[in-house]
Amino acid sequence: MSSTRDIDNLIEMMAKLPGLGPRSARRAVLHMIRKRSLLLSPLADLMQTVAATARECLNCGNVGTTDVCDICTSEKRANGELCVVEDVADLWAMERAGVFKGRYHVLGGTLSALDAIGPQELRIPRLIDRVASEGITEVILALNATIDGQTTAHYIADQLDGQVRLTSLAQGVPIGGELDYLDDGTITAALNARKTL
């Protein structure tokens, strides 16, 4: 029996995390072991706490430790704007920017005929209910610029047509981007979405 079996298992588990491969997981585990009292023990305690308390918001699909998240319960955020995102990571990215002051709706993915993911597998019916019941005046479709993301955006737009103002995030050249490094699709989107100066 190996004397490092538990450590090897921890490295194997860490390597399953996005952005970590076997080598970076090994470095992270060795670093945590060296800083056991500062990192490893508190991290283990926090992971156990989060595993017991984390849950999806019943209203929007965000992740928190209560049945309804802080964003959904905040009266300041009840401004009639609802930003639709694919997953929680997208919601957190929007919050990190600190610009959007409305509420969110997490779909839980995108429509995909190949993967047999239809509207019922996502939170699209809940979205339609929220628009009708929460006094939503604008739905911002902040979906990824992929084929599945755009298909999902068009489906939602069809379902909400005439009920609410529908907008989407701008697409095109990113700030600091150079044309020479952009793909053809990005250049096309930027040219089609050009504006007057």
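Quantities reported herein were computed from a predicted structural model and do not represent experimental measurements. Position 1 is the first residue of the sequence; numbering continues from there.
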Can you sort out the partners of Tyr155 under ring-ring contact (aromatic ring centres under 6.0 Å, His included), two or more places apart, ordered by chain and number?
->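 Not a single residue meets the ring-ring contact (aromatic ring centres under 6.0 Å, His included) criterion with Tyr155.
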Does [X] reach the side chain of [Y], with side-chain heavy atoms less than 4.5 Å apart?
| X | Y | result |
| --- | --- | --- |
| Thr167 | Glu138 | yes |
| Leu10 | Asp6 | no |
| Thr110 | Leu143 | no |
| Val131 | Val139 | yes |
| Asn62 | Glu56 | no |

Going only through I, L, V, M, F, W and Y residues with side-chain contacts under 4.5 Å, is there a path from [X] to [Y]?
| X | Y | answer |
| --- | --- | --- |
| Leu20 | Met32 | yes |
| Val164 | Ile124 | yes |
| Met94 | Leu141 | no |
| Trp92 | Leu107 | no |
| Ile7 | Leu43 | yes |

I'd like to know if the side chain of [X] reaches the main chain of [Y], judged simply by a donor and an acceptor atom lying under 3.5 Å from each other, with no hydrogens or angles considered.
| X | Y | answer |
| --- | --- | --- |
| Thr146 | Gly149 | yes |
| Thr152 | Asp148 | yes |
| Arg77 | Arg103 | no |
| Asp87 | Ala89 | yes |
| Thr73 | Asp70 | yes |
| Thr137 | Gly80 | yes |

Mind running side-chain contact (heavy atoms from CB on, under 4.5 Å) on Arg55 and Asp67 for me, showing each step along the way?
-> CA-CA 7 Å; Arg55 60 192 63 165; Asp67 286 335; 3.3 Å; yes
When rounded to the nearest 0.5 angstrom, what is the spacing between [atom1] in [X] and [atom2] in [Y]?
| X | Y | atom1 | atom2 | value |
| --- | --- | --- | --- | --- |
| Arg5 | Glu12 | CZ | CD | 10.5 Å |
| Leu166 | His154 | CG | NE2 | 11.5 Å |
| Tyr181 | Thr186 | OH | OG1 | 15.5 Å |
| Arg23 | Ile11 | CZ | CD1 | 13.0 Å |

So does Ile147 have more than 12 non-hydrogen atoms from other groups sitting under 6.0 Å from CD1?
->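 Count not over threshold, so no.
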Answer yes or no: does atom CG of Asp184 have more than 12 heavy-atom neighbours from other residues, nucleotides or ligands under 6.0 Å?
->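 12 or below, so no.
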Any chance the side chains of Glu86 and Asn144 put a donor and an acceptor closer than 3.5 Å?
->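 Yes, side-chain donor-acceptor contact under 3.5 Å.
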Side-chain donor-acceptor pair under 3.5 Å between Asp129 and Ser133, yes or no?
->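 No donor-acceptor contact under 3.5 Å links the two side chains.
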List the atom of [X], the atom of [Y], and the distance in Å for their closest heavy-atom pair.
| X | Y | value |
| --- | --- | --- |
| Met14 | Ala28 | CE-CB, 4.0 Å |
| Leu111 | Leu122 | N-CD1, 3.6 Å |
| His105 | Asn59 | ND1-O, 4.2 Å |
| Val88 | Val106 | N-CG1, 3.8 Å |
| Asn79 | Gly102 | OD1-CA, 3.4 Å |
| Leu91 | Tyr104 | CD1-CB, 3.5 Å |

Lys101/Glu95 ion pair, N-O < 4.0 Å =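 Result for this pair is no, no salt bridge flagged.
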Please step through side-chain contact (heavy atoms from CB on, under 4.5 Å) for the pair Ile156 and Val84, ending with a clear verdict.
-> CA-CA 10 Å; Ile156 292 170; Val84 178; 4.3 Å; yes
Can you list the residues that meet the salt bridge (charged side-chain N to carboxylate O under 4.0 Å, His left out) rule with Arg130, with sequence neighbours excluded?
->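 For Arg130 the salt bridge (charged side-chain N to carboxylate O under 4.0 Å, His left out) partners, ignoring immediate neighbours, are Glu134.
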Chi angles and distances behind the side-chain contact (heavy atoms from CB on, under 4.5 Å) call for Leu82, Leu127 | CA-CA 9 Å; Leu82 189 66; Leu127 169 64; 3.5 Å; yes
